[in-house]
Amino acid sequence: MSDDELGLDSMFPEPLRPPTPDPTFSIYKREKASGSVDDWSELNIRLVGVHPLWGHHLWNSARSVASYLDNHPDLYINGSVLELGAGGGLPSIVAANNGAAKVILTDYPDADLIKNMEFNVDKNVLPSCKYTVSVQGFIWGSSIQPLLSSLTNTTGFNLIILSDLIFNHSQHDALLKTCEQALLPDGVLCTPSVLVFYTHHRPHLALRDVEFFTKARDRGWHCEEILTQKFEPMFPDDPGEEEVRATVHGWKLTRTL
């Protein structure tokens, strides 16, 4: 006797799966405009509808580091930029539009994340700059050869961007390993550096967040806090002091060895 005859489908119906949420868009408005032919005043960043790696948010840290890059093009202009855990890719797109010679956006090699980054590059990078940008899947701590193979006339990056990543406490060593291997040891254009922007989304774990910088110093990095910036907290109902959850911290790391 078949399942249909027993009526098992009606006795034990499979619950309907909720549909995958549609992508959302977030606007980044630039603080200044150059007035040039290739001027741009805002970026419309698409975010995946939902993702276990949190790629469905445009984090306050991404907005903060994007603004910082807009005001400090000397860190990367005519140089090479690598963003780890890029999500929507906002900081990288700002760097590309402002004159970086090469920009590589990376995130976990997941098809949805990669396609979404490619979409944002296509829609937001100025036509005159698109040839400078590439998107790759990358796992922190793995071989950087695929990243270096995308570069020409250089063996590393002038700037590496880490935006809202250090809450992944188990990945601190992997992040530092990749930065150590991928950052240029010295630079002609500027001192190679790593920008680390983050928020203590879980205030009770703030000490574990900043262990990243303790490890970095032990491995020969000079760590300097360069800004704090207040935003509305991303998740108002989360526990912990609101001011802590609303503050973005920006650090600049350079090599001392």
Side-chain angles (χ1 to χ4, degrees), residues 48 51-55 62 65 69 75-96 99-122 125 129-166 168-197 212 215-216 218-223 251-257:
V48 293
H51 201 276
L53 299 180
W54 303 96
V65 72
L69 292 171
L75 292 174
Y76 57 87
I77 195 166
N78 296 322
S80 51
V81 177
L82 169 67
E83 184 173 4
L84 302 177
L90 171 61
S92 289
I93 291 169
V94 170
K102 182 65 181 180
V103 179
I104 299 180
L105 295 77
T106 70
D107 211 317
Y108 189 80
D110 170 87
D112 289 339
L113 290 177
I114 300 302
K115 290 178 182 178
N116 193 67
M117 287 191 293
E118 291 172 341
F119 176 92
N120 284 330
V121 167
D122 182 62
V125 174
C129 301
K130 283 185 180 178
Y131 73 96
T132 69
V133 184
S134 64
V135 173
Q136 294 188 32
F138 180 73
I139 296 176
W140 308 332
S142 62
S143 171
I144 65 167
Q145 193 54 47
L147 305 178
L148 298 182
S149 64
S150 298
L151 301 176
T152 57
N153 303 321
T154 184
T155 57
F157 295 88
N158 299 93
L159 179 66
I160 300 176
I161 302 168
L162 279 60
S163 176
D164 239 332
L165 303 184
I166 65 171
N168 294 288
H169 303 143
S170 66
Q171 297 302 304
H172 287 178
D173 289 324
L175 285 166
L176 287 165
K177 176 183 177 181
T178 294
C179 291
E180 289 161 359
Q181 294 179 343
L183 192 71
L184 283 168
D186 51 41
V188 175
L189 300 171
C190 56
T191 301
S193 59
V194 179
L195 293 182
V196 183
F197 280 54
F212 176 86
K215 288 187 175 184
D218 290 343
R219 296 169 71 127
W221 291 90
H222 172 72
C223 305
W251 288 66
K252 182 179 179 182
L253 276 59
T254 53
R255 296 291 285 167
T256 59
L257 297 180

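- In this structure, the side chain of Asn158 engages the main chain of Ser80 through a donor-acceptor pair within 3.5 Å.
- Heavy-atom minimum distance, Leu105 versus Val133: CD1-CG1, 3.4 Å.
- A donor-acceptor pair is defined here as one N or O able to donate and one able to accept, closer than 3.5 Å; such a pair exists between the side chain of Thr132 and the backbone of Cys129.
- Using a 4.5 Å heavy-atom cutoff, the side chains of Gln181 and Ser143 are not in contact.
- To the nearest 0.5 Å, atom OG of residue Ser142 and atom CG of residue Leu147 are 7.5 Å apart.
- At a threshold of 4.5 Å between non-hydrogen side-chain atoms, the residues Ile161 and Leu69 count as touching.
- The heavy-atom pair separating Leu113 from Tyr108 by the smallest distance is CD1-O, 4.0 Å.
- Looking only at distances, no side-chain donor or acceptor of Thr106 sits under 3.5 Å from a matching main-chain atom of Gly137.
- By the 4.5 Å heavy-atom criterion applied to side chains, Pro91 and Phe197 are not counted as neighbours.
- One finds the CG atom of Leu175 at 11.0 Å from the CD atom of Glu180 (value rounded to the nearest 0.5 Å).
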Walk me through it: do Trp140 and Lys177 pass the test side chain to side chain contact (heavy atoms under 4.5 Å, CB included)?
CA-CA 8 Å; Trp140 308 332; Lys177 176 183 177 181; over 6 Å; no

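- Residues Ile114 and Pro109 have side chains not in contact (no heavy-atom distance under 4.5 Å, counting atoms from C-beta outward).
- Considering only heavy atoms from C-beta on, Leu75 comes within 4.5 Å of Lys252 through its side chain.
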Given the rule in the side chain to side chain contact (heavy atoms under 4.5 Å, CB included) test, do Gln171 and Leu165 qualify, once you have shown the distances and angles that lead to the verdict?
CA-CA 9 Å; Gln171 297 302 304; Leu165 303 184; over 6 Å; no

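- Lys130 contributes no side-chain N or O that, together with a main-chain N or O of Val121, makes up a donor-acceptor pair within less than 3.5 Å.
- Two residues are said to be in side-chain contact when any heavy atoms from C-beta on lie closer than 4.5 Å; Leu148 and Phe157 meet this criterion.
- The shortest side-chain heavy-atom distance between Phe138 and Leu82 does not fall under the 4.5 Å cut-off.
- Here the rule is side-chain contact (heavy atoms from CB on, under 4.5 Å) with Asn120, and of Ile93, Val125, Val135, Leu90 only Ile93 fits it.
- Scanning both residues, Gly141 and Thr178, for their nearest heavy atoms gives N-OG1, 2.8 Å.
- For the pair Gly85 and Asp107, the tightest heavy-atom approach, listed with the atom from each and the gap, is C-OD2, 3.4 Å.
- Closest of all the heavy-atom pairs between His172 and Ile166 is NE2-O, 2.7 Å.
- Looking at heavy atoms from C-beta onward, Leu195 lies out of side-chain contact with Trp251 at the 4.5 angstrom threshold.
- Taking CG from Leu162 and CD from Glu83, the interatomic distance works out to 8.5 Å, rounded to the nearest 0.5 Å.
- When every heavy atom of Ala100 is checked against every heavy atom of Val81, the shortest pair comes out as CB-CG2, 4.0 Å.
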